[in-house]
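Labels below follow one simple rule: chain letters A, B, ... track the order of the sequence lines, proteins then strands, and each chain is numbered from 1. Just so we're clear, the structure is a prediction, and the values are computed from it rather than from any experiment.
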Number of protein chains: 2
Amino acid sequence: MSRTRPLPAAEPCPWDEIPGRLRATGMRWTPQRRTLVRVLQSMEGHVSAAEIIERCRAEDATTTPSTVYRTLDVLEDLGVVCHGHAGDGREEYHVLPQAPHGHFYCDGCGAVLEIRDELAKEVVRLLEAHLGFEIDLSHLTLSGRCRGCREE
Amino acid sequence: MSRTRPLPAAEPCPWDEIPGRLRATGMRWTPQRRTLVRVLQSMEGHVSAAEIIERCRAEDATTTPSTVYRTLDVLEDLGVVCHGHAGDGREEYHVLPQAPHGHFYCDGCGAVLEIRDELAKEVVRLLEAHLGFEIDLSHLTLSGRCRGCREE
DNA sequence: TTGGTTGCAAACACTTTGCAGCTGA
DNA sequence: TCAGCTGCAAAGTGTTTGCAACCAA
């Protein structure tokens with residue numbers, strides 16, 4: 001299973017390279033994969049497995065969860081998505097992560113903010129300096145309360 | 001359910017105050033709770049629900065998961081533990097958090113480090129300054145690779 | 001006594017897997 | 001053709017809940 005891989009694929013794979021990259025390793029470019037990839041393209045950012053499945057079903061009512069999960073695994077190997085866990089522990093997929101970033105979930109209002117670029121680097125650097133850990137920020141979602149909810 | 005509460009209880013509850021605090025609100029101090037509390041006392045830090053259940057079963061073979069989960073919920077309201085999610089999305093409990101701190105899990109060797117005190121404050125401050133989020137670090141476990149595993 | 005607790009079993013949500021048949025290359 | 005892929009159904013996980021019996025206060 002790809003999710004036991006230590007760290008996400010090094011370089012992200014552009015959308016239009018996907019069919020070729022699949023075929024290059026003997027894999028197939030099927031209608032179901034076309035649907036999933038089209039859906040993912042319209043969802044850049046963070047998405048739950050449930051959302052992905054629902055959107056696929058909207059495009060193709062015959063979509064099956066197992067196929068979606070299996071294909072997401074394949075796409076994760078290609079670096080198109082990488083998965084982590086939302087605050088409630090469910091699978092969460094990050095689409096086409098260009099730079100290391102995490103997500104921030106507000107317990108109060110449910111808002112989600114991305115922790116990206118400079119800030120992500122800063123956090124990574126800080127933790128690395130203190131603990132010697134190379135953090136995989138893209139794999140997690142922090143939780144807390146946003147400014148708005150704190151002022152209530 | 002207590003796990004929908006916005007943030008963990010403000011002040012941690014010393015072990016010996018637990019019986020009294022329970023009774024004060026009409027709750028009972030039962031053998032099962034005694035067992036669980038004893039087990040938790042011997043496990044300060046991060047523990048998975050499975051570990052807690054297993055250890056309880058070692059002390060009392062009749063221990064039931066449902067009772068453990070329910071009691072952990074009660075103890076979370078008292079501030080004795082607070083729960084989050086491990087890297088794989090399972091429930092994880094932090095026992096008697098004295099100061100805000102998170103955990104760091106190494107994908108390589110499985111080592112767990114605590115992110116505490118100064119470093120935790122620094123991270124919290126950083127994220128707060130940039131995003132306006134009041135982070136609940138105790139609610140999460142970061143993942144990545146530790147120094148040792150990176151050098152392999 | 002009596003309402004909080006417990007144990008059991010069943011329900012749950014989500015994800016994974018086995019397998020026979022289908023299909024892209 | 002023929003491996004990879006799909007759909008289905010079934011099995012897992014890990015956690016939660018309903019309920020009757022139980023027992024701490």
Side-chain angles (χ1 to χ4, degrees), chain A residues 1-5 18-37 39 47-54 56-57 59-78 81-93 141, chain B residues 1-5 18-37 47-57 59-78 81-93 141:
Chain A
M1 210 176 7
S2 70
R3 56 198 55 191
T4 56
R5 213 175 349 91
I18 296 176
R21 295 256 289 246
L22 284 175
R23 294 197 185 98
T25 38
M27 294 175 148
R28 311 269 166 81
W29 181 231
T30 66
Q32 293 83 348
R33 293 183 175 181
R34 262 184 258 269
T35 302
L36 176 54
V37 167
V39 164
V47 268
S48 67
E51 285 173 310
I52 295 174
I53 292 168
E54 194 188 344
C56 283
R57 217 185 277 277
E59 289 222 11
D60 172 5
T62 71
T63 300
T64 297
S66 54
T67 297
V68 174
Y69 282 112
R70 280 189 284 225
T71 305
L72 282 169
D73 248 16
V74 170
L75 294 178
E76 187 163 7
D77 283 334
L78 292 186
V81 300
C82 63
H83 90 288
H85 292 94
D88 60 358
R90 301 186 198 171
E91 295 281 342
E92 180 177 69
Y93 289 86
T141 296
Chain B
M1 215 178 2
S2 71
R3 56 196 53 189
T4 56
R5 215 178 345 93
I18 296 176
R21 295 256 289 244
L22 283 175
R23 295 199 185 97
T25 39
M27 294 174 148
R28 312 268 165 82
W29 182 231
T30 66
Q32 292 84 348
R33 294 184 175 178
R34 261 182 260 269
T35 302
L36 176 55
V37 167
V47 268
S48 67
E51 285 173 309
I52 296 173
I53 293 169
E54 194 188 344
R55 296 274 289 260
C56 282
R57 218 184 277 277
E59 290 224 9
D60 171 7
T62 70
T63 300
T64 299
S66 54
T67 297
V68 174
Y69 282 113
R70 280 188 283 225
T71 305
L72 282 170
D73 248 17
V74 170
L75 293 179
E76 187 162 6
D77 283 333
L78 292 186
V81 300
C82 63
H83 90 288
H85 292 94
D88 60 357
R90 300 186 199 172
E91 296 280 344
E92 181 178 67
Y93 290 86
T141 296

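Toward the 5′ end of DNA chain D lies the nearest nucleotide of B:Arg70, the other residue of the pair B:Arg70 and B:Arg28 mapping further downstream. For the pair B:Thr62 and B:Gly26, nearest-nucleotide mapping onto DNA chain C gives the more 5' position to B:Gly26. Between B:Met27 and B:Pro65, the residue whose closest nucleotide on DNA chain D is further toward the 5' end is B:Pro65.
Residues A:Cys82 and A:Glu76 are in side-chain contact: their nearest non-hydrogen atoms beyond the backbone lie under 4.5 Å apart. Considering only heavy atoms from C-beta on, A:Met27 comes within 4.5 Å of A:Val74 through its side chain.
Heavy atoms of A:Arg23 sit under 4.0 angstrom from primed sugar atoms or phosphate atoms, though from no base atom. Among the atoms of the strands shown, only primed sugar atoms or phosphate atoms (P, OP1, OP2) are found under 4.0 Å from some heavy atom of B:Ala49. Looking at heavy-atom distances under 4.0 Å, B:Arg33 makes contact with sugar-phosphate atoms alone, never a base.
Rounding to the nearest 0.5 Å gives a distance of 9.5 Å between CD1 of A:Ile53 and CG of A:Leu36. Distance check, rounded to the nearest 0.5 Å: CG of A:Asp77 to CZ of A:Arg21 gives 10.5 Å.
Atom CD of B:Glu54 is separated from atom C1' of D:dT15 by 17 Å (rounded to the nearest Å). Rounded to whole Å, atom C1' of D:dC23 lies 12 Å from atom CZ of B:Arg34. Rounded to whole Å, atom C1' of C:dA25 lies 20 Å from atom CZ of A:Arg21. Taking atom CH2 on A:Trp29 and atom P on D:dT6, their separation rounds to 11 Å, with Å as the unit. Between A:Ile53 atom CD1 and D:dG7 atom C1' there is a gap of 14 Å when expressed in whole angstrom units. As rounded to whole Å, 12 Å separates atom P of C:dC14 from atom CD of A:Glu51. For B:Glu92 and D:dG14, the CD to C1' distance is 15 Å, given to the nearest whole Å. Counting to the nearest Å, the C1' atom of C:dC14 and the CG atom of A:Leu72 are 14 Å from each other.
Residue B:Thr64 has no polar side-chain atom (N or O) positioned under 4.0 Å from OP1 or OP2 of C:dT6. In terms of phosphate contacts, A:Gln32 brings no side-chain nitrogen or oxygen within less than 4.0 Å of OP1 or OP2 of C:dT23. In this model, the phosphate group of D:dT6 is approached by a side-chain N or O of A:Thr30 to a distance below 4.0 Å at OP1 or OP2.
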Review point. Please walk me through it: do A:Glu59 and A:Val39 pass side-chain contact (heavy atoms from CB on, under 4.5 Å)?
Key: CA-CA 8 Å; A:Glu59 289 222 11; A:Val39 164; 4.1 Å; yes
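Here C:dT17 is the nucleotide among D:dG14, C:dT17, C:dA9 with the atom lying nearest to any side-chain atom of A:Ser66.
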